Amino acid sequence: LQVALEDALAGANLSFLRVFRVLRPLRSLSHFSGMRVVVDAVIEALPQLLAVIVLVLFSFLLFGIMGVNFFSGLLSARCRLTPWPVTDDWKPGLDFEEHRCVAGPTLNTWEERPHWVREDSPWARARAGCVWPLDEWDPRVCALGNNEGTHKCVHSTPRLPESEWRWCGSNWDALGNPRFKAADPASAGAEEG
């Protein structure tokens, strides 16, 4: 039996057992009665702490679900170079309307079509060959529609030339549909998370 055990362990790397050296100070508990009382109290409190930990994890889960529902898609809105998604052959200076990707509403906010469901959206099916060009110089999150926010994308104003107008938009519509198909599956969602 001893020979079989030695053969089995001959090539094994048992250095991971050194981790148990951390437990060496626990041997001193037999010498210090005060320390033993503290350790025993902590061990006895573990069942009550477990209940508190479960309650905290449940709270995290609940507030996480609420946060996703309240802020779904809002934190992915950025200033765009065009008022709506355009075909991928659009370049700055070309007409937006001629290169419009999908006829119909942009559907950035619920207010545009309050009674629609996901399948009613023109974006119910993700589109290939469409883009919504980002303003690379402005990485801040913007406020969609008439929502209040700290950052608004400015357009339709005589204070700026039309070439500097920007519109707020997201890669997802207000119903949660992704607007675009990635050409390369590995880069899907790389532009925005």
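Quick note: numbers below take in every heavy atom, side chains included, and nothing from hydrogens, waters or symmetry partners. The structure presented is a predicted model; accordingly, all values stated were derived computationally and were not measured.
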Using side-chain contact (heavy atoms from CB on, under 4.5 Å), reason through V102 and R127 one step at a time and then give a plain yes or no. CA-CA 9 Å; V102 173; R127 308 293 173 136; 3.7 Å; yes
Working for side-chain contact (heavy atoms from CB on, under 4.5 Å), residues V86 and V131: CA-CA 6 Å; V86 292; V131 294; 4.2 Å; yes
To the nearest 0.5 Å, what is the distance between CZ (R78) and CG (L144)? 10.5 Å
Closest non-hydrogen contact found for L175 with V117 is CD1-O, 3.2 Å
So, T87 and D89: side-chain donor and acceptor under 3.5 Å apart, yes or no? yes
Would C142 and C168 satisfy disulfide bond (SG atoms under 2.5 Å apart), going step by step from the backbone distance to the final call? CA-CA 6 Å; C142 59; C168 190; 1.9 Å; yes
Rounded to the nearest 0.5 Å, what separates atom CG in L107 from atom CH2 in W172? 15.0 Å
How far does CD of E136 sit from CG of L81, to the nearest 0.5 angstrom? 8.0 Å
Scanning both residues in full, the closest heavy-atom pair of P85 with T106 reads CD-CG2, 4.3 Å
Is a side-chain N or O of S121 found less than 3.5 angstrom from the main chain of W123, in a donor-acceptor match? yes
Per the ring-ring contact (aromatic ring centres under 6.0 Å, His included) rule, which among F96, W167, W165 passes with H155? W167
To the nearest 0.5 Å, what is the distance between CG on N177 and CG on D120? 10.0 Å
Find the distance between CG (D135) and OG1 (T82) and round it off to the nearest 0.5 Å. 11.0 Å
Measuring only between side-chain heavy atoms, which start at C-beta, is R166 closer than 4.5 Å to V154? no
Heavy-atom check, side chain of W84 versus side chain of C130, under 4.5 Å: no
Quick one: closest heavy-atom pair of P122 and W116, and the distance? CD-CZ3, 3.4 Å
Okay, side chain of R118, backbone of G176: is any donor-acceptor separation there less than 3.5 Å? yes
Is it true that M35 and I43 fall in one hydrophobic cluster, defined by side-chain heavy atoms closer than 4.5 Å? yes
Interatomic distance, SG@C101 vs CH2@W90, rounded to 0.5 Å, equals 13.5 Å
Taking all atoms of both residues into account, what is the closest heavy-atom pair of A126 and K181, and its distance? O-CE, 3.5 Å
Do R179 and N171 pair up side chain to side chain, a donor and an acceptor below 3.5 Å, judged on atom types alone? no
Would you say Q48 has more than 12 foreign heavy atoms packed within less than 6.0 Å of its CD? yes
Trace of the side-chain contact (heavy atoms from CB on, under 4.5 Å) decision for R80 with L134: CA-CA 4 Å; R80 308 293 177 143; L134 285 171; 3.5 Å; yes
pair P105-D173: side-chain heavy atoms closer than 4.5 Å: no
Any side-chain donor paired with an acceptor under 3.5 Å for D138 and H151? yes
Check whether any side-chain heavy atom of K91 sits under 4.5 Å from a side-chain heavy atom of L94, and report yes or no. yes
Mind checking whether V52 and F60 sit in one hydrophobic cluster, side chains of I, L, V, M, F, W, Y counted as touching below 4.5 Å? yes
